[in-house]
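Indexing begins at 1, ligand by ligand and atom by atom, following the structure's order.
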Amino acid sequence: MTGLRTIEARPFPLAFDRAGTALMIIDMQRDFLEPGGFGELLGNDVSQLRSAIAPTKRVLAASRTAGLLVIHTREGHRLDLTDCPPAKLTRGGVTFIGTQGPMGRILVRGERGHDIIDELAPRPGEPVIDKPGKGAFYATDLELLLRSRAVKTLLVCGVTTEVCVHTTVREANDRGFECVVLEDCVGSYFPEFQRVGIAMFEAQGAIFGWVSDSASAVRALS
Ligand code: C5J
């Protein structure tokens with residue numbers, strides 16, 4: 001399954017080796033995408049994120065067929081919240097994390113809301129990185145896992161564009177990974193943040209990474 005491929009991307013096409021490429025699906029959890037979760041409690045319209053599901057599903061299928069390493073991440077905390085800094089727990093005098101919602105305790109590991117939506121459920125053997133922060137490298141073994149598999153390129157999907165996707169791509173870029181953000185596979189509650197967030201990745205000659213889309217990714221993988 002080795003062999004150089006090229007993915008159409010902005011600001012310029014990127015060559016990648018399938019053997020050294022991983023698909024990263026960031027935080028496609030019920031707590032962000034479904035009513036009653038963390039996203040909605042914060043006052044967001046969660047339906048804004050749903051357009052990312054179908055294209056991500058297509059890229060996931062193509063990645064699995066191509067034998068790519070597929071990594072899923074979930075944002076959330078231990079049952080006793082000891083890994084949730086007070087500054088994150090309560091914002092503006094309001095606490096949502098750890099409180100009871102219709103899908104269980106908000107952003108708490110093991111609860112239904114914390115888990116990944118059915119459409120993109122991980123297969124047995126696919127690593128799931130549980131992260132306490134916005135970035136997937138912070139306080140996790142993600143970097144060890146990628147280095148052990150000699151991964152150089154990341155195809156990135158997930159939510160939300162300007163929060164956990166941006167933080168993770170910035171962390172990855174600083175560590176020397178080449179990130180390709182698939183613009184129809186990432187989503188924001190705010191259309192303006194989606195537009196600007198995408199533009200920021202590719203600006204200044206790919207300052208944080210490349211921007212492509214699901215169709216280009218599927219073409220490049222098949
Ligand atoms: C947020 C995330 N938005 N996964 N988390 O709090 O982007």
Side-chain angles (χ1 to χ4, degrees), residues 23-53 55-56 60 70-78 81 83-99 101 103-117 119-122 127-140 142 154-173 179 181-198 200-201 208-209 211:
L23 172 67
M24 279 205 63
I25 305 182
I26 297 175
D27 300 359
M28 292 296 271
Q29 297 161 255
R30 295 191 185 99
D31 262 332
F32 295 109
L33 287 128
E34 293 187 1
F38 186 58
E40 191 174 77
L41 281 175
L42 292 176
N44 300 302
D45 170 10
V46 293
S47 68
Q48 291 283 341
L49 303 188
R50 299 202 69 85
S51 63
I53 298 173
T56 301
L60 176 58
V70 175
I71 298 174
H72 308 259
T73 73
R74 297 184 297 202
E75 180 180 349
H77 297 280
R78 293 167 180 261
L81 305 182
D83 60 349
C84 184
K88 177 177 181 184
L89 188 61
T90 302
R91 288 283 160 104
V94 186
T95 302
F96 294 121
I97 298 171
T99 62
M103 297 185 288
R105 293 177 68 207
I106 302 293
L107 284 192
V108 170
R109 294 178 190 160
E111 300 287 355
R112 180 172 165 77
H114 174 263
D115 211 354
I116 293 169
I117 57 171
E119 296 93 322
L120 300 171
V128 178
I129 304 283
D130 279 323
K131 62 190 185 65
K134 305 304 183 192
F137 288 85
Y138 172 66
T140 72
L142 174 61
L154 301 176
L155 302 180
V156 183
C157 305
V159 299
T160 62
T161 306
E162 76 280 11
V163 184
C164 290
V165 175
H166 245 279
T167 308
T168 300
V169 167
R170 288 167 187 236
E171 288 179 327
N173 185 57
C179 298
V181 178
L182 305 178
E183 62 182 335
D184 52 340
C185 300
V186 297
S188 171
Y189 301 118
F190 307 96
E192 185 64 2
F193 289 177
Q194 173 77 2
R195 189 184 67 74
V196 176
I198 291 292
M200 288 169 75
F201 289 123
F208 295 126
V211 175

Checking a contact table here: which protein heavy atom is nearest [atom], and how many Å away?
atom	value
atom 1 (C) of ligand 1	F32 CE2, 3.6 Å
atom 6 (O) of ligand 1	K134 NZ, 2.8 Å
atom 5 (N) of ligand 1	E75 OE1, 2.9 Å
atom 3 (N) of ligand 1	T160 OG1, 3.4 Å

Please state whether the rings of F96 and F38 are parallel, tilted or perpendicular, taking 30° and 60° as the class boundaries. perpendicular
Value for SG (C157) from CE (M28), rounded to nearest 0.5 Å, stands at 8.0 Å
Answer with side chain, backbone, both or neither: which part of I26 has a heavy atom less than 4.0 angstrom from an atom of ligand 1? neither
State plainly whether the residues D27 and K131 are in salt-bridge range, i.e. N to O under 4.0 Å. yes
So that I can tick it off, tell me whether K134 and E171 are bridged by a salt bridge, with the cut-off set at under 4.0 angstrom between side-chain N and carboxylate O. no
If you measure every N or O of D27 against every N or O of ligand 1, does any of those distances drop under 3.5 Å? yes
Kindly confirm or rule out an N or O of V163 lying under 3.5 angstrom from an N or O of ligand 1. no
After noting the C-alpha distance and the side-chain angles of V196 and E162, does the key distance pass the side chain to side chain contact (heavy atoms under 4.5 Å, CB included) rule? CA-CA 9 Å; V196 176; E162 76 280 11; over 6 Å; no
A side-chain contact here means heavy atoms from C-beta on lying under 4.5 Å apart; do E119 and T56 qualify? no
For the residue pair T168 and Y138, establish whether any side-chain heavy-atom pair is separated by less than 4.5 Å. no
Atoms of ligand 1 under 4.0 Å from any heavy atom of V159, numbered from 1 in the order shown, are 2 (C), 4 (N), 7 (O)
Ignoring hydrogens, just give me the one of G133, G158, C164 whose non-hydrogen atom is nearest atom 2 (C) of ligand 1. C164
